[in-house]
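Here's the structure we're looking at; comments come further down.
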Amino acid sequence: MATLVTFHAHPDDEAIMTGGVMRKAADEGHRVVLVVATRGEKGEIPEGLLDDGEQLADRRVKETQAAAEVLGVSRVEFLGYQDSGMMGDPSNDGPDTFWSAPVEEAAERLATILREESADVLTVYDDFGVYGHPDHIQVHRVGMRAGELAGTPRVYQGTANRDRMRRAAEAARAAGEEGGPDEEMTIGKPEAELTAEVDVLAYLKVKRAAMRAHQSQISEESFFLALPDDKFGEAFGTEWFIREGQGPGVTETDLMKGL
């Protein structure tokens, strides 16, 4: 048994970005640990969702714990920072936000968990935070440094396949469907930079269930849950990563192989 630690910015990111590899690792007998930097306080609050006196952050913690059960997580930890909001928001530079936290301090918080768990594998995000959210960018900075501090053997940067998304959008437009990302899209990384491609089609129902657990942010009408099964599989049936020292091209299809 090895230990996989997945590090995310907000509740629900884990279900979207790494839900497949988490459940896969758990089913194969590995220990899975989820660490979340913030409690997602800046998320939108659907009307009538919260109970009287209930705070969104508290609801999102409960939702994370519910999703963690679905994903086979053995331990859930929050680093205790505040949600920074979208890039450019005045809240970015608040004194307790994750974006404003000193990287070394935050990395040591995460490294402590990595040491406690004797983590074999850590997942973070790419250097653009996949899509440019300040907390996601900070996950990259903090996570990469924490991996160094703890001496974690394998550190993977979760990302998206930009070229594949563009091809899918082009095919949709050619078929007369609503257009998607264009050539200016900056989500994810170019295909040539990706080094790990994990097929998680077998875990699509699990990923949907984990997303559904985050009721305050992912409604039944959302993009994530409203997609038909085939489109959901195309969008979320593969999880992509970059590991320094691997490649060029995809050289890994299982983050836990050999452990």
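Excluded from the calculations below are hydrogen atoms, water molecules and symmetry mates; all remaining heavy atoms, backbone and side chain alike, are included.
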Stepwise side-chain contact (heavy atoms from CB on, under 4.5 Å) check, Asp83 with His10: CA-CA 8 Å; Asp83 187 345; His10 316 101; 3.4 Å; yes
SB check Arg115 Glu108 (cutoff 4.0 Å): yes
Check: Tyr125 ring centre within less than 6.0 Å of His136 ring centre: yes
Closest non-hydrogen atom pair, Ala209 against Val70: CB-CG1, 3.9 Å
Salt bridge (Lys or Arg N to Asp or Glu O under 4.0 Å) between Arg39 and Asp58, intermediate numbers included: CA-CA 8 Å; Arg39 297 192 296 167; Asp58 296 330; 3.2 Å; yes
Exercise: do Glu252 and Tyr156 side chains pair donor with acceptor under 3.5 Å: yes
Candidate pair Asp229 and Leu204, rule side-chain contact (heavy atoms from CB on, under 4.5 Å), full reasoning: CA-CA 9 Å; Asp229 289 345; Leu204 290 182; over 6 Å; no
Lys/Arg N to Asp/Glu carboxylate O, Glu170 vs Arg166, below 4.0 Å: no
Residue pair Glu14 / His214, side-chain donor-acceptor N/O under 3.5 Å: yes
Glu63 (side chain) donor-acceptor with Ser216 (main chain) under 3.5 angstrom: yes
Distance under 6.0 Å and angle within 45° of ring axis: Arg109 vs Tyr81: yes
From CA spacing to verdict: side-chain contact (heavy atoms from CB on, under 4.5 Å), Ile218, Phe223: CA-CA 8 Å; Ile218 304 178; Phe223 165 77; over 6 Å; no
Qualifying residue, where the test is side-chain hydrogen bond (donor to acceptor under 3.5 Å, both in side chains) with Lys189 and the options are Asp126, Asn161, Asp127, Thr159: Asp127
From Glu117 atom CD to Leu114 atom CG, the distance as rounded to the nearest 0.5 Å: 8.5 Å
salt_bridge(Arg145, Glu104) N-O dist < 4.0 Å: yes
Backbone of Arg243 reached by a side-chain donor or acceptor of Thr195 within 3.5 Å: yes
Short N-O contact, Arg212 and Glu220, less than 4.0 angstrom: yes
Same cluster (ILVMFWY, side-chain, under 4.5 Å), Val76 and Ile113: no
Salt bridge present between Glu239 and Lys207 (N-O < 4.0 angstrom): yes
Closest heavy-atom pair and its distance - Ser91, Lys42: CB-CE, 3.8 Å
Full working for side chain to side chain donor-acceptor pair (under 3.5 Å) between Ser100 and Thr97: CA-CA 5 Å; Ser100 65; Thr97 62; 2.8 Å; yes
Phe224-Phe232 aromatic ring centre distance below 6.0 Å: no
Cluster link Leu4 to Phe241, ILVMFWY, side chain under 4.5 Å: yes
Joint hydrophobic cluster, Val130 plus Met86, side-chain heavy atoms closer than 4.5 Å: yes
Electrostatic pair Glu234:Arg164 at N-O distance under 4.0 angstrom: no
Side chain to side chain donor-acceptor pair (under 3.5 Å) assessment of Thr18 paired with His8: CA-CA 9 Å; Thr18 59; His8 294 276; 2.9 Å; yes
Any donor-acceptor N/O pair, Thr38 side chain to Ala9 backbone, under 3.5 Å: yes
Under 3.5 Å: donor-acceptor pair, side chain of Gln82, backbone of Asp96: no
In one Ile/Leu/Val/Met/Phe/Trp/Tyr side-chain cluster, 4.5 Å: Val33, Leu122: yes
Joint hydrophobic cluster, Val155 plus Leu79, side-chain heavy atoms closer than 4.5 Å: yes
Any donor-acceptor pair under 3.5 Å from Gln246 side chain to Ala196 backbone: no
Aromatic plane relationship, Phe7 with Phe98 - under 30° parallel, 30 to 60° tilted, over 60° perpendicular: perpendicular
Salt-bridge contact Arg167-Glu191 (side-chain N to carboxylate O under 4.0 Å): yes
Spacing of Thr123 atom OG1 and Gln157 atom CD [to the nearest 0.5 Å]: 10.5 Å
Between Ser84 and Asp135, a side-chain donor and acceptor under 3.5 Å: yes
Glu244/Arg154 salt bridge by N-O under 4.0 Å criterion: no
